[in-house]
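Heads up: the structure comes next, in structure tokens.
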Protein chains: 2
Amino acid sequence: MSLKRNNETHANKVYNFLKKKKKPLSAYEILKELASEGISAPTTIYRALNKLVSNGLIHKIESLNAWTVCCGNHENKVPIFEICKTCGNVTEHLDINIANSIKSLSEKTGFLADNPIFEIHGQCNNCI
Amino acid sequence: MSLKRNNETHANKVYNFLKKKKKPLSAYEILKELASEGISAPTTIYRALNKLVSNGLIHKIESLNAWTVCCGNHENKVPIFEICKTCGNVTEHLDINIANSIKSLSEKTGFLADNPIFEIHGQCNNCI
DNA sequence: AAATGCAATGTTATAACATAACAAAAATCC
DNA sequence: GGATTTTTGTTATGTTATAACATTGCATTT
């Protein structure tokens with residue numbers, strides 16, 4: 001009887017869970033739901049989330065204290081999240097204009113950007 | 001002997017304190033320093049901060065859990081914060097290009113924006 | 001095979017951030 | 001002055017995140 005660990009890392013479990021849910025979730029929400037998968041401490045969740053963020057697979061939505069799966073390959077674009085105050089829907093957009101605006105601001109100020117956070121709270125067009 | 005309360009509201013005290021410090025501070029940092037001014041509970045700090053944010057006098061920097069004084073009149077611009085990972089310096093910029101990019105994204109998606117959060121982590125040109 | 005190194009994970013505690021709910025005091029309005 | 005509104009206080013608790021130490025699992029080296 002093998003005592004070998006199931007091959008799926010906790011980070012993978014978290015990633016697959018977030019992929020299935022399709023919306024941003026807080027660390028504790030994830031923890032609550034993945035307790036049944038052998039993850040019992042917030043530490044483990046945060047480690048997994050930090051790893052997934054470092055690998056570019058998920059984003060943290062700062063103003064929601066939540067994490068969500070990255071929508072795709074950014075290339076030269078910057079992700080920007082629209083967060084509806086009414087229904088809670090969060091949509092990630094990739095916008096080249098904003099990427100260019102950042103670049104020109106960076107050239108003006110000499111700031112070497114590596115981690116942008118763009119979130120807009122408002123109302124989506126279903127709720128207006 | 002008047003028992004009348006000092007006329008300065010706690011919100012004003014917090015605002016003047018943040019103005020003097022010229023850098024973002026967390027609620028608890030503010031609390032610690034203004035304890036001597038008769039502010040003894042986090043509740044009071046958060047109320048003051050929320051009021052100052054509502055009045056447009058300060059901004060919350062989401063990724064730092066910190067608040068800082070607004071740099072001026074925005075008019076049609078959007079504030080964007082450059083946050084240096086090395087020295088911790090935080091600079092607010094007002095950028096018309098980004099405001100315009102937001103507006104055109106909004107027109108494309110139908111999203112009614114009312115509260116943008118723009119923060120960029122990186123290195124300032126003194127630390128590169 | 002045993003030892004080593006590193007990544008992943010566990011455990012426990014605590015730090016840091018924020019809000020809820022009730023009450024009281026102070027200021028303002030009529 | 002009384003009513004109303006705003007500000008503040010108190011207490012408790014909820015939410016988010018990290019620190020610090022330890023163990024386990026796996027791959028590589030000896």
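By convention in this document, chain letters (A, B, ...) are assigned in the order of the sequence lines, proteins followed by strands, and residues within each chain are numbered from 1. What you are looking at is a predicted structure, and each value in this text was computed from that prediction instead of being measured.
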>> Starting the side chain at C-beta, find the nucleotide from dT9(C), dA18(C), dC17(C) nearest to S26(B).
In response: dC17(C)
> Do E82(B) and T91(B) have side-chain atoms, one donor and one acceptor, less than 3.5 Å apart?
Replying inline: no
Just the rounded figure in Å: distance from [atom2] of [N] to [atom1] of [X].
X	N	atom1	atom2	value
I30(B)	dA16(C)	CD1	P	15 Å
K13(A)	dG10(C)	NZ	C1'	13 Å
L52(B)	dT6(D)	CG	P	17 Å
L34(A)	dT9(C)	CG	P	12 Å
N50(B)	dT8(D)	CG	P	13 Å
K32(B)	dC17(C)	NZ	C1'	13 Å
N12(A)	dA8(C)	CG	P	10 Å
L31(A)	dT18(D)	CG	P	15 Å

> Hey, is the main chain of N12(B) close enough, under 3.5 Å, to the side chain of N16(B) for a donor-acceptor pair?
Replying inline: yes
>> Between E119(A) (side chain only) and S63(A) (backbone N and O only), is there a donor and an acceptor less than 3.5 Å apart?
In response: yes
Which parts of [range] get close to DNA chain D, meaning a heavy atom less than 4.0 angstrom away?
range	answer
residues 54-65 of chain A	K60(A), N65(A)
residues 40-49 of chain A	T43(A), Y46(A), R47(A)
residues 14-25 of chain B	none

>> Counting C-beta onward and ignoring hydrogens, is there a side-chain heavy-atom pair between L64(A) and I83(A) closer than 4.5 Å?
In response: yes
>> Checking H10(A) now: which residues fulfil side-chain contact (heavy atoms from CB on, under 4.5 Å) with it, not counting sequence neighbours?
In response: K13(A), I39(A), T44(A)
>> Just to verify, what does N97(A) make a side-chain contact (heavy atoms from CB on, under 4.5 Å) with, not counting sequence neighbours?
In response: D95(A), S101(B), S104(B)
>> Just to verify, what does F81(B) make a ring pair (Phe, Tyr, Trp, His ring centres under 6.0 Å) with, not counting sequence neighbours?
In response: H59(B)
Under 3.5 Å, sequence neighbours excluded: what are the donor-acceptor pairs made by side chains of residues 28-35 of chain B?
{"residue": "E29(B)", "atom": "OE1", "partner": "S26(B)", "partner atom": "N", "Å": "2.6"}
{"residue": "E29(B)", "atom": "OE1", "partner": "S26(B)", "partner atom": "OG", "Å": "3.3"}

> More than 12 foreign heavy atoms under 6.0 Å from NZ of K85(A): is that the case here?
Replying inline: yes
> Sequence neighbours excluded, which residues qualify as salt bridge (Lys or Arg N to Asp or Glu O under 4.0 Å) partners of E92(A)?
Replying inline: none
> For K51(B), what residues pass the salt bridge (Lys or Arg N to Asp or Glu O under 4.0 Å) criterion, not counting sequence neighbours?
Replying inline: none
> Apart from I98(B) itself, what residues make up its hydrophobic cluster, given side-chain heavy atom links below 4.5 Å?
Replying inline: V78(A), I80(A), I98(A), I102(A), L105(A), F111(A), F118(A), I120(A), V78(B), I80(B), I102(B), L105(B), F111(B), F118(B), I120(B)
> Remaining members of I96(B)'s ILVMFWY cluster at a side-chain heavy-atom cut-off under 4.5 Å?
Replying inline: none
> Does dT6(D) have OP1 or OP2 sitting under 4.0 Å from an N or O in the side chain of K51(B)?
Replying inline: no
>> Give me the atom names and distance for the closest heavy-atom approach of V14(B) to A48(B).
In response: CG2-CB, 3.8 Å
> What does the inter-axis angle of the helix from dA1(C)-dT30(D) to dC30(C)-dG1(D) come out as, five pairs per end, nearest 10 degrees?
Replying inline: 20°
>> For dA15(C), does the base pair up with any side-chain atom of Y28(B) as donor and acceptor (N or O, under 3.5 Å, distance only)?
In response: no
